[in-house]
Amino acid sequence: MAKDNKQEFVQHITPRDVDFSQWYTDVVLKSDLMDYTPVRGCMALKPYGYGIWELIQAEMDARFKATGHKNVAMPMLIPESLLLKEADHVEGFAPEVAWVTQGGGEVLPERLAIRPTSETIFCTMYAKWVQSWRDLPMKYNQWCSVMRWEKSTRPFLRTAEFWWQEGHTVHATAEEAQEETLQMLGVYQEFCEHVLSVPVYAGQKSDKEKFAGARATYSVEAMMQDGKALQAGTSHNFGTNFSEPFEIQFLDKDGTLKFAHETSWGTSTRMIGAVIMTHGDERGLKLPPKIAPIQVVILPIAAHKGGVNEACADIAGKLKAAGLRIELDDREGYSAGWKFNEWEMKGVPLRLEVGPRDLEAGQVTAVRRDTYEKMQLPLEGLTEKVAELLADIQRNMYDIAHAFQQAHTKVVHTMQELGEQVNGGYAKTMWCGERACEDAIKEQFSATSRNMPFDQTPVGDTCVCCGKKADKVMYFAKAY
RNA sequence: CGGGGUGUGGCGCAGCCUGGUAGCGUACGUGCUUUGGGAGCAUGGGGCCAAGGGUUCAAAUCCCUUCACCCCGACCA
């Protein structure tokens with residue numbers, strides 16, 4: 001009986017296991033995160049979606065500051081001549097750049113790119129700002145939006161304009177740059193796992209998959225519930241690839257002029273897509289408490305009776321005072337059932353129901369979004385208990401996602417096994433390091449190399465594709 | 001960029017084949033009764049039918065063009 005009811009309530013969402021793409025679109029729209037706009041491929045972030053982004057920004061920015069970075073703001077327009085300075089970089093980004101060709105009714109002498117990423121403008125400024133070893137390291141970050149003229153788009157996962165942060169740093173030595181690159185990848189991993197409750201594989205990209213202009217690219221890769229991988233963040237070591245054409249030089253302690261070593265690293269609103277596809281279920285969005293704009297929704301039941309309103313206001317005040325993000329849903333004209341479904345759709349981690357029967361018993365009814373577990377909580381010490389529950393939900397969501405990731409990762413030794421495995425997860429395997437083998441795997445199975453984990457304990461000794469001696473452990477998967 | 005699909009009050013759809021006063025559900029406004037898993041009755045407001053062009057006495061409907069979005073591939077955070 002209860003099961004029939006459940007299906008009736010969620011009939012508005014396409015079931016996840018029937019059509020994952022449609023389910024994703026349904027959730028994004030019905031949970032009110034964003035809306036489509038008249039601008040091709042560009043979304044409007046609505047308050048609830050932007051609220052998630054603001055919390056992500058706050059958590060992440062604190063980590064950047066703690067590791068010695070400062071925020072700056074750069075122009076959104078980049079003169080074409082700057083974009084052309086690093087050959088691999090321009091080759092990688094040129095096809096998807098949007099151009100400004102006119103200003104004030106006049107055709108511009110040099111067209112301006114709307115930034116697809118800001119390496120070139122940062123480098124130009126760093127060339128002015130860096131003179132001496134005393135200026136280094138220079139570790140800046142900016143929060144902004146960038147534009148890439150994508151052919152096909154999907155909310156949060158791939159849009160023409162997207163919001164992100166891009167860190168750009170300058171160092172005196174190769175060692176320092178590499179240390180920075182790995183440190184920030186570590187920040188991303190810790191952030192994904194502890195704030196988003198999204199487990200990731202951290203490792204190094206192949207040459208084929210690395211960033212245009214980078215010497216080495218590292219990534220954190222998440223696993224979505226349809227078995228596809230999603231790159232959640234990247235960190236690049238440029239060496240002197242950019243500092244040479246942009247002439248970022250400094251006078252070192254030994255009195256010689258040297259090219260600086262640079263890094264860049266970025267994460268975007270795409271992480272919201274990762275959260276949706278990692279945690280969501282048949283009833284909609286499921287948000288980890290740390291990035292939930294509303295952590296607890298308080299629902300008065302039979303509000304006119306027995307001091308329910310007063311009790312709700314009191315509870316709301318106490319939870320707010322404790323620093324929790326709460327919503328008191330005292331809207332009239334909506335049934336309790338309607339509200340239950342609404343807040344579940346929006347992924348609110350914890351719901352407190354306050355009715356006359358609860359109050360008589362000196363308690364409230366609580367329902368967790370992660371497990372649907374219903375429990376009675378005494379009014380006495382409620383704030384502490386709610387805080388504990390939120391922390392437990394945060395952990396539990398990670399545990400569930402981690403179990404899923406592990407269950408969808410398998411060591412494979414043959415191309416046939418690899419082909420089967422990438423239909424529903426990661427294939428962990430040995431790879432010889434040759435581009436040709438990556439190309440063959442992509443050709444046959446539409447799967448790409450994701451990254452090489454730092455733990456390179458061999459799982460075999462020959463390449464899964466060509467059968468030659470191989471010493472690289474690589475994850476392959478189909479990816480977003 | 002290929003293949004398929006959809007554009008009609010905020011949302012979901014019917015109407016189109018066979019041209020003739022733009023409809024239904026829901027949401028929204030108001031009033032009353034309700035409220036522990038998507039409440040009920042009454043009443044009211046809201047749409048040049050994606051855009052542009054054509055055929056016709058007459059176009060949501062037929063023809064052409066463009067745009068946007070969705071799904072599946074290829075390409076890229």
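Per chain, numbering begins at 1; letters A, B, ... match sequence-line order. Predicted, not measured: the structure shown is a model, and the values here were computed from it.
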Please write out each protein N/O paired with an N/O of nucleotides 26-35 of chain B under 3.5 Å, distance rounded to 0.1 Å.
from, atom 1, to, atom 2, distance (Å)
B:C28, OP1, A:Tyr334, OH, 2.8
B:U35, O2', A:Ala302, N, 3.3

Taking only N/O atoms, report every protein-nucleotides 71-75 of chain B pair under 3.5 Å with atom names and distance.
from, atom 1, to, atom 2, distance (Å)
B:C71, OP1, A:Ser21, O, 3.4
B:C71, OP1, A:Thr25, OG1, 3.0
B:C71, OP1, A:Arg154, NH2, 3.3
B:C72, OP1, A:Ser21, OG, 2.6
B:C72, OP2, A:Ser21, OG, 3.4
B:A74, OP1, A:Ser446, OG, 2.5
B:A74, N6, A:Ser152, OG, 3.4
B:C75, OP1, A:Lys442, NZ, 3.3
B:C75, OP2, A:Lys442, NZ, 3.1

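The side chain to side chain contact (heavy atoms under 4.5 Å, CB included) with A:Ser206 is formed by just one residue from the set A:Lys210, A:Glu209, A:Gln204; it is A:Glu209.
No close placement of the A:Tyr426 and A:Phe476 rings is indicated, their centers lying 6.0 Å or farther apart. Between A:Tyr126 and A:Phe122, the gap from one ring centroid to the other is short of 6.0 Å. In this structure, the ring of A:Trp164 has its center less than 6.0 angstrom from the ring center of A:Phe162.
A donor and an acceptor atom, one from each side chain of A:Thr181 and A:Thr263, are nowhere located under 3.5 Å apart. Checked by atom type, the side-chain pair A:Asp281/A:Tyr372 shows a donor-acceptor distance below 3.5 Å. Between A:Gln165 and A:Thr267, the side chains place a donor N or O and an acceptor N or O closer than 3.5 Å (distance only, hydrogens not considered). When only modelled atom types and interatomic distance are considered, A:Trp143 and A:Asp61 share a side-chain donor-acceptor pair under 3.5 Å.
With both ends at atom C1', the span from B:G7 to B:A50 equals 6 Å, rounded to whole Å. Nucleotides B:G23 and B:G38, compared at atom P, are 34 Å apart to the nearest Å. Rounded to whole Å, the P atom of B:G19 lies 14 Å from the corresponding atom of B:A60. Of the P atoms belonging to B:A51 and B:A42, the separation is 35 Å, rounded to the nearest Å. Taking the P atom of each, B:C13 and B:C71 are spaced 14 Å apart, rounded to whole Å. Taking atom C1' in both B:U8 and B:C16, the straight-line distance is 11 Å, to the nearest Å. Between B:G47 and B:G12, the two C1' atoms lie 15 Å apart (nearest whole Å). One C1' atom belongs to B:U18, the other to B:A59, and the distance between them is 14 Å to the nearest Å.
Here B:G73 sits opposite B:C1 as a Watson-Crick or G-U wobble pair (both hydrogen-bonding atom distances under 3.5 Å). In this structure B:G7 sits in a base pair with B:C67, meeting the Watson-Crick or G-U test at under 3.5 Å. Judged by Watson-Crick or G-U wobble contacts below 3.5 Å, the nucleotide B:A42 has B:U30 as its partner. Pairing of B:C62, defined by two Watson-Crick or G-U wobble distances under 3.5 Å, is identified with B:G54.
If you measure from atom CG of A:Leu230 to atom P of B:A77, you get 12 Å, rounded to the nearest angstrom. In this structure, A:Met375 places its CE atom 21 Å from P of B:G36, rounding to the nearest Å. A:Lys30 places its NZ atom 13 Å from the C1' atom of B:G38, with the value rounded to the nearest Å. Regarding A:Trp164, its CH2 atom lies at a distance of 8 Å from the C1' atom of B:A77, rounded to whole Å. Remark: P of B:A77 and CE of A:Met277 are 16 Å apart, rounded to the nearest angstrom. For the pair A:Phe340 CZ and B:A39 C1', the computed distance is 14 Å after rounding to whole Å. If you take CG of A:Asp32 and C1' of B:C11, they are 12 Å apart, rounded to a whole angstrom. B:G36 atom C1' lies 11 Å from atom CG of A:Leu299, rounded to whole Å.
Judged by the 6.0 Å and 45° rule, A:Arg331 forms a cation-pi pair with A:Tyr334.
Among the protein residues, A:Thr159 comes within range of the nucleic acid bases, having at least one heavy atom under 4.0 Å from a base atom. Residue A:Pro95 is classed as having no contact, given no heavy-atom separation below 4.0 Å to the nucleic acid. Among the atoms of the strands shown, only primed sugar atoms or phosphate atoms (P, OP1, OP2) are found under 4.0 Å from some heavy atom of A:Tyr36. Base engagement by A:Glu353 is indicated by at least one non-hydrogen atom pair under 4.0 Å involving a base atom. As judged by a 4.0 angstrom heavy-atom cut-off over every strand, A:Pro155 is placed among residues touching the sugar-phosphate backbone only. Residue contacts shown for A:Arg40 are limited to sugar-phosphate atoms, with no base heavy atom under 4.0 Å away. Within 4.0 Å (heavy atoms only), A:Gly273 reaches no atom of the nucleic acid at all.
Residues forming a side chain to side chain contact (heavy atoms under 4.5 Å, CB included) with A:Tyr36 (at least two apart in sequence, or on another chain): A:Thr25, A:Leu29, A:Met34, A:Pro155. Contacts of A:Ala214 classified as side chain to side chain contact (heavy atoms under 4.5 Å, CB included), with partners at least two apart in sequence or in another chain: A:Phe211, A:Thr217, A:His236, A:Phe238. When the side chain to side chain contact (heavy atoms under 4.5 Å, CB included) test is applied to A:Arg111, the partners found at least two apart in sequence or on another chain are A:Glu80, A:Trp99, A:Thr101.
Heavy-atom distances under 4.0 Å link RNA chain B to no residue of residues 212-224 of chain A.
With distances taken from any side-chain atom of A:Gln231 to the nucleotides B:G37, B:A77, B:C70, the minimum falls on B:A77.
Considering CZ of A:Phe246 and CD of A:Glu119, their distance stands at 9.0 Å, rounded to 0.5 Å.
The residue among A:Gly92 and A:Val354 whose nearest nucleotide of RNA chain B is located toward the 5' end is A:Val354. Mapping A:Leu157 and A:Gln376 onto RNA chain B via the closest heavy atom, the residue that lands nearer the 5' end is A:Gln376.
Looking only at distances, no side-chain donor or acceptor of A:Arg351 sits under 3.5 Å from a matching main-chain atom of A:Ala366.
Side-chain atoms of A:Glu344 and base atoms of B:G37 include a donor and an acceptor less than 3.5 Å apart.
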